[in-house]
Structures are given as structure tokens and as C-alpha cells.
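The structure appears right after this line, and notes come after that.
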Amino acid sequence: MDFPSTYISSSLKDGKVEVKQIPFLKEKLTSQTIVVKPMYMGLCRADIKEVASTRDIPGDRGPLFGHEFVGEIIFSGDQTGYNQGQIVTFNPNITPKRTTGFAQYFFIEGDKDTLERTLTLYTKTTPLDPPWLSEPFACIVHCVDVLSMHLHKENYSGDKVGIIGAGNSGLMFGMMLRSLGAEVSFYNRGIVRREFAVDKGFFSKEQMKSFNSINGDKDQYYIVVLVPTKIDQTTLQYAVDLVKENGTILLYGGTRRGDVLEGEPQSVDIDRVRRNENYVPVTTNGKHIFISGGYGCTRADFEKAIALYSQHHEEFPLDKLISRVIRLEDLPQLINTMAFGSVDYPGKVLILS
Ligand SMILES: NC(=O)c1ccc[n+]([C@@H]2O[C@H](COP(=O)([O-])OP(=O)(O)OC[C@H]3O[C@@H](n4cnc5c(N)ncnc54)[C@H](OP(=O)(O)O)[C@@H]3O)[C@@H](O)[C@H]2O)c1
């Protein structure tokens, strides 16, 4: 195989994103290395948070910057267990020994077991056109499975679920829990994402509520999924208000180290509960509830996400989440304005290499 002498890659340093030509490191092509050529990448809120330095980066897996992508293997070392030409998607929760996926080439190194947990194969029948992203959906699949394990149930028929945050993750939670029988309602701060969800046909106007409705909907939900970019005491209190006695608040995004929900017999470290995927009881504001959470995903979650999308597209129209397509060269400007400016887009931004 002929490799280029240089390729376009992005970098993130001290809040600054750059895209430039860098040398193709042929010396990195060892028996334990795989090189993927991304076909398309997705921009995640976590990428934007890393640019804005508002995300705590776990040392065991490194930064997420450039982690949602689908691509073709163009080099596979003979100890990797993979072959050139295979289409793969990437799980960023396994190893930090990799380069960013916001690039024309992505390098990853590891033993066979690590690579198998990191790169999930697409089969010949996995739909790729129109583009969609399996990683964010695999995290939702994982989180709902964690919840089901704690609640000892797989079916949510008749259960009322409130979702705070109608971003990409919130909408996928809605699709997933609806498919399991739940009756879902959303509470989203701004109108743009509420309208996006209705315009795309994901949910009805009646299901898309503003925060103003929370006061009138107190104590209604068996489960409240909390999935905004940032969880502060106000949004946490919204969840406590909406959930009913003995119900569960499911934490997904937006917690940071040291965040706490005050309660009895003791306050809950909500960031730890989310990262450790615990299920803890607490009495807060006189209400007895449970706090749970999900973090990341596994190869099995990817496989389930891919199967759900491939076989039940009408229930999971994830390709329709894509609202904007840009070129890699345009990434710095877009991500900077989203991290530091007043610009925001509903749906998913897709990046073409
Ligand atoms: N657990 C995991 O494995 C995992 C995986 C992926 C993502 N996440 C996390 O999940 C969160 C949501 O991601 P996403 O993909 O859904 O992002 P997104 O599509 O950008 O949506 C962001 C959501 O957060 C809301 N929001 C932002 N700031 C807010 C505030 N100050 N108060 C209330 N609501 C606010 C937005 O409401 P508006 O429309 O009003 O702006 C929107 O609903 C992020 O924190 C992300 O890091 C977690």
C-alpha cells in the first residue's frame, strides 16, 4: 500500500483547534497498529466541551476530541486481528493510545484484545448512506441497559418518562425508551431544539415542553433522564421536582467532579454515581428517590446499536439527526464559535474528510 507523505489532521491545544498537514508517520506502522481512513465524523458536545475546557478528561482513556467516526482500515498490523478494507467504528472508552479521529487518517495501537474492544466491525449490510453515527447511540443503548439492570425490567410499557434536554442524546433516549413502551415527554430550555424534534417528525409538539411546564408536571415521572450539557443545581432540582416518589433520576451528561445532590441519609456524589453506573437511594426535599447513571459503552452496545438501526430504522431514524455537513478544514472555525461564541446548532454536525 502506498501511503501519503503528509495528511490533514486537527489538533487541540490550550483551547485552540488547528487543522493542518502533518507527516504520515510510517514508523508507527507496527504489528500492533491499525490505520483507519475516516469516511465521515460527527461532532459531539463532549468535543466542544474539551475545547472550552469544561470537561474532566479521564486519564485511562484520554481526551474524546474527534471520537465519533466510521472509516475503512487501510493498514492492519499482523497481530491486530483486523484486515485491510474492513469498515469499522471506534469506541473511545478503551485506550488512550490513538490519534484524533478529526483527521484524514486515524492511528491506533494495542494488543488484539484491546483493539477488539475498541473497533467494532460493520457488516456488508450495515447502512452507511445516508450517514449516521453509531457511537452516540451505543452510549444510549448502554445507559438504558444499565437502568434496566438496576430496575430488573426490560419493558417500560405504560411508564411515564421525562427527559430534561432534547439534544441529540435526549432525543435518542426518547426513541430508545419509546421503543420499550414508555410514554416520553421532553423538557428543553430553548425553543430551537424543541422545534427541530417536531420538524424532523421525531416527537409531537405536545411532547416537547419548555422548562415553564415543570411546575405543573411535578411528581409525575417514574424515570427522569437528565441529559443537558451541564447539570447545575437548577436542572438537578427540576429532575427532583418531576420524578415521583420511589422513581429514578438517570444521569447521563453534564456532571463534573464534586457535583452533589444534597439529601439523607447522605448527599449523593452525582458525578461518581454516573461514572460508576451506581444505583443509590436518597431522600431529598422530603422525597425518596433513586439516582443512577451511565457512562460510555462497550463493543456489545455498538453491536446492539447497529442492529437496532439496521433492522428498525423507522423507530431509530438517526440519520435524520444530521443537520449540517462541513469539511474538515472548516472545523476550527465552527467548533470555536460553538465553544466560545453564541452559535449553536440543533442536531448533529457531520464532518467530511
Ligand atoms: N454518558 C455518556 O456516555 C455520554 C455520551 C455522550 C454525551 N454525553 C453528554 O450528554 C450531554 C448532552 O449531549 P448531547 O449530545 O445531547 O448535546 P447537544 O445535542 O448539544 O444538546 C445539548 C442539550 O443541553 C441543553 N443545555 C445546554 N446548556 C444548558 C443549560 N445551562 N441548562 C439547561 N439545558 C442546557 C441544550 O438545551 P438548549 O436547546 O436550550 O440549548 C440541549 O438540550 C453532554 O454533556 C455530553 O457530554 C454523555
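Numbering of ligands and ligand atoms starts at 1, following listing order.
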Could you give the N/O to N/O pairs under 3.5 Å linking ligand 1 and the protein, each with its distance?
{"unit_1": "ligand 1", "atom_1": "1 (N)", "unit_2": "Tyr252", "atom_2": "O", "d": "2.8"}
{"unit_1": "ligand 1", "atom_1": "1 (N)", "unit_2": "Arg274", "atom_2": "NH1", "d": "3.4"}
{"unit_1": "ligand 1", "atom_1": "1 (N)", "unit_2": "Gly294", "atom_2": "O", "d": "3.1"}
{"unit_1": "ligand 1", "atom_1": "3 (O)", "unit_2": "Gly296", "atom_2": "N", "d": "2.9"}
{"unit_1": "ligand 1", "atom_1": "13 (O)", "unit_2": "Ser169", "atom_2": "OG", "d": "3.4"}
{"unit_1": "ligand 1", "atom_1": "15 (O)", "unit_2": "Ser169", "atom_2": "OG", "d": "3.1"}
{"unit_1": "ligand 1", "atom_1": "16 (O)", "unit_2": "Asn168", "atom_2": "N", "d": "3.3"}
{"unit_1": "ligand 1", "atom_1": "16 (O)", "unit_2": "Ser169", "atom_2": "N", "d": "2.9"}
{"unit_1": "ligand 1", "atom_1": "16 (O)", "unit_2": "Ser169", "atom_2": "OG", "d": "3.2"}
{"unit_1": "ligand 1", "atom_1": "19 (O)", "unit_2": "Asn168", "atom_2": "N", "d": "2.9"}
{"unit_1": "ligand 1", "atom_1": "19 (O)", "unit_2": "Asn168", "atom_2": "ND2", "d": "3.2"}
{"unit_1": "ligand 1", "atom_1": "20 (O)", "unit_2": "Arg45", "atom_2": "NE", "d": "2.7"}
{"unit_1": "ligand 1", "atom_1": "20 (O)", "unit_2": "Arg45", "atom_2": "NH2", "d": "3.0"}
{"unit_1": "ligand 1", "atom_1": "24 (O)", "unit_2": "Thr229", "atom_2": "N", "d": "3.0"}
{"unit_1": "ligand 1", "atom_1": "24 (O)", "unit_2": "Thr229", "atom_2": "OG1", "d": "3.2"}
{"unit_1": "ligand 1", "atom_1": "31 (N)", "unit_2": "Arg189", "atom_2": "NH1", "d": "3.3"}
{"unit_1": "ligand 1", "atom_1": "37 (O)", "unit_2": "Asn188", "atom_2": "OD1", "d": "3.4"}
{"unit_1": "ligand 1", "atom_1": "39 (O)", "unit_2": "Asn188", "atom_2": "ND2", "d": "2.9"}
{"unit_1": "ligand 1", "atom_1": "39 (O)", "unit_2": "Arg193", "atom_2": "NH1", "d": "3.0"}
{"unit_1": "ligand 1", "atom_1": "40 (O)", "unit_2": "Arg189", "atom_2": "NE", "d": "3.0"}
{"unit_1": "ligand 1", "atom_1": "40 (O)", "unit_2": "Gly190", "atom_2": "N", "d": "2.8"}
{"unit_1": "ligand 1", "atom_1": "41 (O)", "unit_2": "Arg189", "atom_2": "NH2", "d": "2.8"}
{"unit_1": "ligand 1", "atom_1": "41 (O)", "unit_2": "Arg193", "atom_2": "NH1", "d": "3.1"}
{"unit_1": "ligand 1", "atom_1": "43 (O)", "unit_2": "Ala166", "atom_2": "N", "d": "3.2"}
{"unit_1": "ligand 1", "atom_1": "43 (O)", "unit_2": "Gly167", "atom_2": "N", "d": "3.3"}
{"unit_1": "ligand 1", "atom_1": "43 (O)", "unit_2": "Asn188", "atom_2": "OD1", "d": "2.6"}
{"unit_1": "ligand 1", "atom_1": "45 (O)", "unit_2": "Lys49", "atom_2": "NZ", "d": "2.7"}
{"unit_1": "ligand 1", "atom_1": "45 (O)", "unit_2": "Thr229", "atom_2": "O", "d": "3.2"}
{"unit_1": "ligand 1", "atom_1": "45 (O)", "unit_2": "Gly254", "atom_2": "N", "d": "3.3"}
{"unit_1": "ligand 1", "atom_1": "47 (O)", "unit_2": "Lys49", "atom_2": "NZ", "d": "3.3"}

Q.
Using the ring-ring contact (aromatic ring centres under 6.0 Å, His included) criterion, which residues pair with Phe211? Sequence neighbours excluded.
A. Tyr238

Q) What's the shortest heavy-atom distance between Tyr122 and Thr89, and which atoms? A) CE1-CG2, 3.5 Å

Q) Within a reach of under 6.0 Å around NZ of Lys112, are more than 12 heavy atoms found that belong to other residues, nucleotides or ligands? A) no

Q.
Please determine whether the number of non-hydrogen atoms from other residues, nucleotides or ligands lying under 6.0 Å from atom CZ of Arg117 exceeds 12.
A. yes

Q: Please name all residues satisfying salt bridge (Lys or Arg N to Asp or Glu O under 4.0 Å) with Glu50, sequence neighbours left out, ordered by chain then number.
A: Arg55

Q) Tell me, which pairs form a ring pair (Phe, Tyr, Trp, His ring centres under 6.0 Å) where one or both residues lie in residues 189-209, sequence neighbours left out? A) Phe186-Phe203

